Amino acid sequence: MSRTTRLTPSLLRVAACTGIAALTLTACGSGSGSGAGSSGSGGVKVGLITKTDTNPFFVKMKEGAEKAAKQDGVQLMTAAGKFDGDNAGQVTAIENMVAAGVKGILITPSDSKAIVPAIAKARAKGVLVIALDTPTEPQSAVDALFATDNLKAGELIGEYAKAAMKGKTAKIAALDLAPGVSVGVQRHNGFLKGFGATDKDVVCAQDTGGDQAKGQTAMENCLQKAPGINVVYTINEPAALGAYTALKAKGREKDVLIVSVDGGCTGTQAVKDGKIAATSQQYPLKMAAEGVQAVVTYAKNGKKASGYTDTGVTLVTDKAQAGVTSKDTLYGLQNCWG
């Protein structure tokens, strides 16, 4: 899914291996050696293609894949788009990895539909393809999907927001992702379902691309359109922090409830600091690690992973609401990413 891509000092270190300026195929970390490993898996190559290599979510995903590859003694090849939405770059990466002889490819699709023909060609050549985080359209275009249940993630914060409003009439602003992106649609719909609302109850909806600056602009626009907004759903925490900035500028930060999804360390800290009321935390490291293990299993005995594997989601808040299961920010910060 679209996620904010901000370059931090820690990400600059990652960039030295992955290459930020262009989508390139690399073998780094555990994958740069000979590939000799345990249980006859030496020489096995696993590909990981993310939407970008600067977003903390995908940096953590890569770390999870690297750790799993090292443990299993396989070579990890990585590639990433120049930007979120770089389908052409991901197609090239698939072609390069197939040519390099990978046994399996893990991919977070930038365009869930446009990537399908390239995936089909890879699978036709015997390559196991697993989608991480974002499903393809159709989902059956890949062998398996390892991801957060984004509908559930949205439902959790919707249920929380409903309980936190304590019967007050809600005027909802939805700071969404972008039209037609499955992750954004699922989270949005999940929030409304959990809240017991429909799109008719949303007084302002704006797309943010998951970007903090765009989130701020979107919130400013919504406050002009509907000054009485008291609940803000956001696609992710960068958008939530942008909304908070806009609300604070208007002196509204204490009387508007902001809820979000992702569970990155910056976002979880914002929950602890009271800027965001609650967030649904997901686990990119687990997605990647389980994906690598699935490819190793396929290489060993030909057994292919299939269907959907839910890698988990947890509601994180320090202001628990009756009837809504949650963990506090101590747990959230111990399990966050980025």
Side-chain angles (χ1 to χ4, degrees), residues 1-8 10-11 13-15 17-20 23-31 46-72 74-86 89-90 93-94 97 102 104-110 112 115 128-136 142 144-150 153 183 210 236-238 261-268 280-296 305 308-313 335-338:
M1 66 166 283
S2 295
R3 301 177 192 278
T4 303
T5 55
R6 293 184 299 149
L7 204 57
T8 64
S10 62
L11 299 186
R13 292 193 293 273
V14 175
C17 179
T18 57
I20 289 173
L23 191 152
T24 56
L25 188 64
T26 62
C28 57
S30 62
V46 181
L48 173 67
I49 304 171
T50 54
K51 295 178 184 180
T52 72
D53 58 11
T54 55
N55 185 315
F57 185 89
F58 299 122
V59 171
K60 182 59 65 173
M61 184 175 282
K62 182 170 177 285
E63 288 176 6
E66 287 177 335
K67 183 177 180 180
K70 184 176 181 180
Q71 290 175 342
D72 287 306
V74 299
Q75 182 179 357
L76 179 69
M77 309 186 76
T78 65
K82 296 178 183 178
F83 53 88
D84 196 330
D86 183 11
Q90 289 198 323
I94 290 174
M97 287 181 176
V102 296
I105 293 174
L106 314 175
I107 184 169
T108 59
S110 282
S112 297
I115 198 66
L128 178 71
V129 182
I130 297 174
L132 304 181
D133 179 55
T134 305
T136 52
V142 292
L145 168 66
F146 291 3
T148 304
D149 183 338
N150 283 293
V183 170
N236 66 1
E237 293 142 5
V261 180
D262 263 359
C265 294
T266 299
T268 304
S280 287
Q281 186 172 72
Q282 55 181 339
Y283 306 102
L285 190 151
K286 184 178 180 182
M287 293 177 198
E290 292 188 0
V292 170
Q293 290 161 8
V295 176
V296 171
Y308 167 59
T309 298
D310 183 355
T311 52
V313 62
N335 292 276
C336 65
W337 44 267

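Note that the structure is predicted; figures quoted are calculated from it, not measured.
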**Message:** As an exercise, state the distance from CD of Gln90 to CD1 of Ile105, rounded to the nearest 0.5 Å.
**Reply:** 10.5 Å
**Message:** Rounded at 0.5 Å granularity, tell me how far NZ in Lys62 sits from CG in Leu106.
**Reply:** 13.0 Å
**Item:** Pairwise side-chain contact, Asp262 with Trp337, heavy-atom cut-off 4.5 Å (strictly under)
**Value:** yes
**Shortest non-hydrogen separation from Ala153 to Ser280 and the atoms involved** = O-OG, 2.8 Å
**Request:** Could you pull out the closest heavy-atom pair between Ile107 and Val129, with the gap in Å?
**Result:** CG2-CG1, 4.2 Å
**Asked** What is the minimum heavy-atom distance between Ile130 and Gly291, and which atoms define it?
**Response** CD1-O, 4.0 Å
**Complete:** Interatomic distance, CZ@Phe58 vs CG@Asp53, rounded to 0.5 Å, equals 10.5 Å
**Item:** Contact summary for Ser112 and Thr134, nearest pair of heavy atoms
**Value:** OG-CG2, 3.7 Å
**Request:** Supply the atom-to-atom distance Cys265 SG to Lys60 NZ, rounded to the nearest 0.5 angstrom.
**Result:** 7.0 Å
**Prompt:** Does any non-hydrogen side-chain atom of Lys70 lie less than 4.5 Å from one of Leu76?
**Reply:** no
**Request:** Supply the atom-to-atom distance Phe57 CZ to Thr50 OG1, rounded to the nearest 0.5 angstrom.
**Result:** 10.5 Å
**Item:** Results of side chain to side chain contact (heavy atoms under 4.5 Å, CB included) for Thr309 - residues two or more places apart only
**Value:** Phe146, Glu290
**Prompt:** How far apart are the C-alpha atoms of Asp133 and Gln282, what are their side-chain angles, what is the distance that settles it, and do they pass the side chain to side chain contact (heavy atoms under 4.5 Å, CB included) test?
**Reply:** CA-CA 9 Å; Asp133 179 55; Gln282 55 181 339; 3.8 Å; yes
**Asked** Do the charged groups of Lys67 and Glu63 touch, with an N to O distance under 4.0 Å?
**Response** no
**Asked** Does Leu132 reach the side chain of Leu48, with side-chain heavy atoms less than 4.5 Å apart?
**Response** yes
**Item:** Trace of the side chain to side chain contact (heavy atoms under 4.5 Å, CB included) decision for Thr311 with Tyr283
**Value:** CA-CA 7 Å; Thr311 52; Tyr283 306 102; 5.5 Å; no
**Fill in**
Here the pair of heavy atoms bringing Ala65 nearest to Ala288 is N-CB, 3.7 Å
**Fill in**
Checking Val74, Leu128, Asp72 against Val295 for side chain to side chain contact (heavy atoms under 4.5 Å, CB included), the one that qualifies is Leu128
**Request:** Drop me the distance from Leu145's CG to Met287's CE, to the nearest 0.5 angstrom.
**Result:** 9.0 Å
**Message:** As a quick check of understanding, evaluate side chain to side chain contact (heavy atoms under 4.5 Å, CB included) for Ile115 and Ile94, giving each step before the final call.
**Reply:** CA-CA 10 Å; Ile115 198 66; Ile94 290 174; 3.8 Å; yes
**Asked** Is the backbone N or O of Gly210 less than 3.5 Å from a side-chain atom of Asn236, with the two atoms forming a donor-acceptor pair by type?
**Response** yes
**Complete:** Shortest non-hydrogen pair, Thr108 vs Met61, comes out as CG2-SD, 3.5 Å
